[in-house]
Amino acid sequence: MSENTEITAEMRRHSAAHLMARAVQNVFEDVQVDIGPATDEGFYYDFDLPHRLTPDDFPKIEAEIARLIALDEPFVRKVVSREECAKMLEGQHYKLERLADIPEGEDISTYTVGDYVEMCRGPHVEHSSQIGVVKLTRLAGSYYRGDENNKMLQRIYGIIAKDQAEMDAIVARAEEARKRDHRRLGVELDLFHLDPEDPGQIFWHPKGWSIYVALQDYMRQKLVKDGYQEVNTPALMPRSLWERSGHWEHYKANMFITESEKRIFAVKPMNCPGALEIFKSRLRSYKDLPLRLAEFGHCARNEPSGTLHGIMRVRGFVQDDAHIICTEDQIEEEVAKFCRLLKDVYKDFGFDKNLLVKLSTMPDDHVGDEATWQHAEAALAKACNASGMEYVIQPGEGAFYGPKLEFTLIDALGRAWQCGTIQLDYQLPSAERLNAEYIGPDGQKHHPVMLHRAVLGSLERFIGILIEHYAGAFPLWLAPEQVRVLPVSVKANAYAEKIQGELLKVGLRAGVDLTAEKLGAKIRAATMEKIPYQVVVGPRDEANGTISVRSRTDGDLGAMSCADFIAKLEAEVAAKKQG
RNA sequence: GCCACUUUAGCUCAGUAGGUAGAGCACAUCCUUGGUAAGGAUGAGGUCGUCGGUUCGAUUCCGAUAGGUGGCUCCA
């Protein structure tokens, strides 16, 4: 029996939450507790108390938790009747409401540690000492039951570790994430800035835009090879179109709306209506399908201010968007084709391992009949299997117009980011919406199906992820400045400029440092800017017709000819070498 | 949008128990002409987010407002 009671991290986190709840009640007056689950990272607990918590309160709560852990009391589970439980929870009105939620007939259990009882499903550790070390990390507001109409409770987040050494390592990793923060690196590396007067809009500086263009060019090549055609549609489109597409009804609150000569226009929040307008611009045959229209269209969404975050969540952005207009029979192959493309692209960033795929199925609130939905969901599932991807089902999480696949990548710090997506849409091309039609082999008109898809998601967000993934040290093919030539003194400036010219001529992004600094200072500056290659040149090189190469990853590579260096870099760019 | 916190030089941050402010880095000028991670000197740079209140006097206290941060909600 005992071999089955393995103590998991989740049990330890959840148990830590209980002890924190107990500690908060010991330290403060009039504490109402709500719930406190384990999370992937740690745990949290929601409280309602008159004292306004601040991080200054953490040490005394942590000390109390440490004291409770040291008591090493057992967690005792007990199945109780509803009445008994209600009696135990007397005065705790959130808990009593939660108790009322438990369906009749289901077991109600409590866990007791020392003098503290809590209604809880468990499971928990056997003894409090099994929890380890607890650290409180941050405070946040959180609506009771996640409903913004309810009272805002005070949430405390915490993390656990086996011992202090592990806790130190966790704190160090958090520090590493802080150092890699794209908002910090974006300023340090002079990639972009955000203007407080224009929230959620990005000003791309030359270096940041260089990355952006490199990424976009890369995607263009991939798209062309995969049978897409690139289009561009207006940023500003009329209200009448948005009414037909359904956005006016469903998405108006998030749209920037403007007026000209008494007509209302909206800045597009999505590209899909534009793609369908192109499809509809002439009579289409089934022979035109599938029609794959890609668009790097700039979209604007009036996201609530509280959701904005650096360049990851903005109000103006560009997706590597495309719309595949096809027949129902073509869905499976098109989805499989997309899955292959996505894997191929992610590999070039080192994201091909640990890819998570989620299949979101029919929600309660949906359009279309169930048979069509089942067919569509089966097509997505088969396409995943065909491309060797495992997926988990998210029941009822699909859009109201169709099911979708979502792809989550894992970055260098082990963090998950949902980027790629492919969504089936029966609604937008339908007669009720934009009424897209093609002539089938039977000579009759039919409505096509539309697939909305993006590999990277928004380019802005993806670059934000890349900045943190690479810690600002972009691989050669993406680096804004791939090479910097460093003359050892001003006497070598002319030769340095000549070398820079050679590099520029073959399309490498090369800079030159002509300042009057010493070589050590120039190397330091280039190193801080995370430039992949530094080329040192002085009288010795000039006499030999060579250059001295220093690599960001491999240090001093010694002297070589400029031609050999160019060949080396071109090979590295072609291979999309990481790091 | 909601809750909490926050806003001082381009960046990172001190500071003023109310008497209009400092450091490091970056920047400018001059000296130094140097072969693999910071040469030196001098200087410039801020209505202390904005508006209002209290006060003889506010960057400091109070209120409002805007931005940011962390959550929540949202993410067609």
Side-chain angles (χ1 to χ4, degrees), chain A residues 39 44 46 48 52-56 137-157 178 181 183-184 186-190 193-200 242 245-255 268-273 299 301-310 312-315 317 398-402 404 406 418 421 423 425 427-428 452 457-458 461 486-493 515-529 534-542 548-552 555-559:
Chain A
T39 65
Y44 66 82
D46 289 344
D48 189 6
R52 187 195 286 162
L53 294 166
T54 73
D56 291 340
T137 51
R138 55 174 174 263
L139 281 169
S142 128
Y143 300 112
Y144 176 54
R145 292 176 188 277
D147 184 335
E148 62 180 315
N149 298 312
N150 287 342
K151 182 164 185 180
M152 178 75 68
L153 307 179
Q154 302 190 67
R155 174 174 296 179
I156 305 177
Y157 284 87
R178 196 184 66 80
D181 191 314
R183 294 165 298 182
R184 164 186 290 259
V187 173
E188 279 177 11
L189 300 175
D190 197 20
H193 83 267
L194 297 154
D195 179 359
E197 287 190 7
D198 198 8
W242 299 117
S245 72
H247 288 87
W248 198 260
E249 187 186 344
H250 293 285
Y251 205 63
K252 189 179 170 205
N254 282 303
M255 289 161 70
K268 66 176 170 185
M270 290 166 222
N271 300 307
C272 31
C299 294
R301 296 183 188 173
N302 195 4
E303 302 285 358
S305 56
T307 65
L308 302 178
H309 178 83
M312 300 273 207
R313 185 78 186 268
V314 289
R315 286 180 175 156
F317 59 92
F400 76 90
Y401 51 76
K404 62 183 174 186
E406 289 174 329
Q418 197 240 296
T421 181
Q423 310 191 2
D425 188 353
Q427 184 66 3
L428 204 58
H452 308 251
S458 113
R461 180 163 176 273
L486 312 177
V488 300
S489 82
V490 293
K491 286 175 190 147
N493 278 4
T515 60
E517 293 297 334
K518 288 174 70 171
L519 180 61
K522 292 181 186 180
I523 287 173
R524 180 179 154 81
T527 305
M528 301 291 276
E529 292 178 51
Q534 300 170 20
V535 165
V536 175
V537 292
R540 209 156 66 210
D541 295 289
E542 190 166 5
S548 300
V549 178
R550 187 185 161 96
S551 148
R552 184 178 64 196
D556 194 345
L557 301 182

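Residue numbering restarts at 1 for every chain, and letters A, B, ... go by the order of the sequence lines.
In this structure, A:Met270 and A:Trp242 approach most closely via the heavy-atom pair O-CH2, 4.0 Å. Heavy-atom minimum distance, A:Pro269 versus A:Met255: CG-CG, 3.7 Å. Listed here is the closest heavy atom pair of A:Ala492 and A:Gly538: CB-CA, 3.9 Å. Across A:Gln418 and A:Thr421, no two heavy atoms sit closer than the pair NE2-CB, 4.3 Å. The two atoms that bring A:Asp556 and A:Val549 nearest to each other are OD1-O, 3.4 Å, heavy atoms only. The shortest heavy-atom contact between A:Cys272 and A:Leu428 is CB-CD2, 3.8 Å.
Comparing the P positions of B:rG39 and B:rG34 gives a spacing of 15 Å, expressed to the nearest Å. Nucleotides B:rC25 and B:rG18 have their C1' atoms positioned 32 Å apart, rounded to a whole Å. Atom name C1', nucleotides B:rG10 and B:rU16: the rounded distance is 24 Å, in whole Å. The separation of B:rA9 from B:rU20, taken at their C1' atoms, amounts to 16 Å, rounded to a whole angstrom. Remark: the separation of the P atoms in B:rC11 and B:rU47 is 14 Å, to the nearest Å. Comparing the P positions of B:rU29 and B:rG45 gives an interatomic distance of 16 Å, to the nearest angstrom. The separation of B:rG43 from B:rG24, taken at their P atoms, amounts to 13 Å, rounded to a whole angstrom. Between the P atoms of B:rA64 and B:rG19, the separation comes to 25 Å (whole Å).
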Test side-chain contact (heavy atoms from CB on, under 4.5 Å) on A:Glu542 and A:Val537 and set out the steps. CA-CA 7 Å; A:Glu542 190 166 5; A:Val537 292; over 6 Å; no

Could you walk me through whether A:Arg178 and A:Arg184 pass the side-chain contact (heavy atoms from CB on, under 4.5 Å) test, one step at a time? CA-CA 8 Å; A:Arg178 196 184 66 80; A:Arg184 164 186 290 259; 2.8 Å; yes

Worked verdict on A:Arg315 versus A:Ser305 for side-chain contact (heavy atoms from CB on, under 4.5 Å): CA-CA 9 Å; A:Arg315 286 180 175 156; A:Ser305 56; 3.9 Å; yes

Given the rule in the side-chain contact (heavy atoms from CB on, under 4.5 Å) test, do A:Tyr251 and A:Arg301 qualify, once you have shown the distances and angles that lead to the verdict? CA-CA 9 Å; A:Tyr251 205 63; A:Arg301 296 183 188 173; 2.9 Å; yes

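We find that CD1 of A:Ile156 is positioned 14 Å from C1' of B:rG70, with the value rounded to whole Å. Distance CD (A:Glu303) to P (B:rC72): 16 Å, rounded to an integer number of Å. Rounding to whole angstrom units, CZ of residue A:Arg301 and P of B:rG1 are separated by 19 Å. In this structure, A:Arg178 atom CZ and B:rG70 atom C1' are separated by 14 Å, rounded to whole Å. For the pair A:Glu529 CD and B:rC25 P, the interatomic distance rounds to 17 Å; values are reported in whole Å. Residue A:Arg155 contributes atom CZ, which lies 11 Å from atom C1' of B:rU73 at whole-angstrom precision. Note: CG (A:Leu194) to P (B:rG10) measures 17 Å, nearest angstrom.
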N/O-N/O pairs, protein side and nucleotides 65-69 of chain B side, under 3.5 Å:
from, atom 1, to, atom 2, distance (Å)
B:rU69, OP1, A:Arg183, NH1, 3.1
B:rU69, O3', A:Arg183, NH1, 3.2

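Between A:Arg184 and A:Met270, the one whose closest nucleotide on RNA chain B sits nearer the 5' end is A:Arg184.
For A:Arg461, the side chain to side chain contact (heavy atoms under 4.5 Å, CB included) partners two or more places apart in sequence, or in a different chain, are A:Met312, A:Trp417, A:Cys419, A:Ser458, A:Ile465.
Residue pairs satisfying the side chain to side chain donor-acceptor pair (under 3.5 Å) criterion with at least one member in residues 517-526 of chain A, sequence neighbours excluded, are absent.
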If a protein heavy atom is under 4.0 Å from the base, mark B; if only from the sugar-phosphate, S; if neither, -; do that for nucleotides 42-48 of chain B going 5' to 3'. -------

Nucleotide by nucleotide, 5' to 3', does protein get under 4.0 Å of the base (B), only the sugar-phosphate (S), or neither (-) in nucleotides 26-41 of chain B, counting heavy atoms? ------BBBBBBBB--

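For A:Tyr157, a side-chain nitrogen or oxygen approaches OP1 or OP2 of B:rC72 to under 4.0 Å.
Atoms NE2 and OH, from A:His250 and A:Tyr401 in turn, are 11.0 Å apart once rounded to the nearest 0.5 Å. Distance CE/A:Met528 to CD1/A:Ile523: 14.0 Å, rounded to 0.5 Å. Here A:Thr307 contributes atom OG1 and A:Arg313 contributes atom CZ; the two are 4.0 Å apart, rounded to the nearest 0.5 Å.
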Taking Watson-Crick (N1-N3 plus N6-O4 or O6-N4) and G-U wobble (N1-O2, O6-N3), each under 3.5 Å, can you produce the dot-bracket string of RNA chain B? Use [ ] for crossing pairs and | for inter-strand ones. (((((((..((((.....[..)))).(((((.......))))).....(((((..]....))))))))))))....

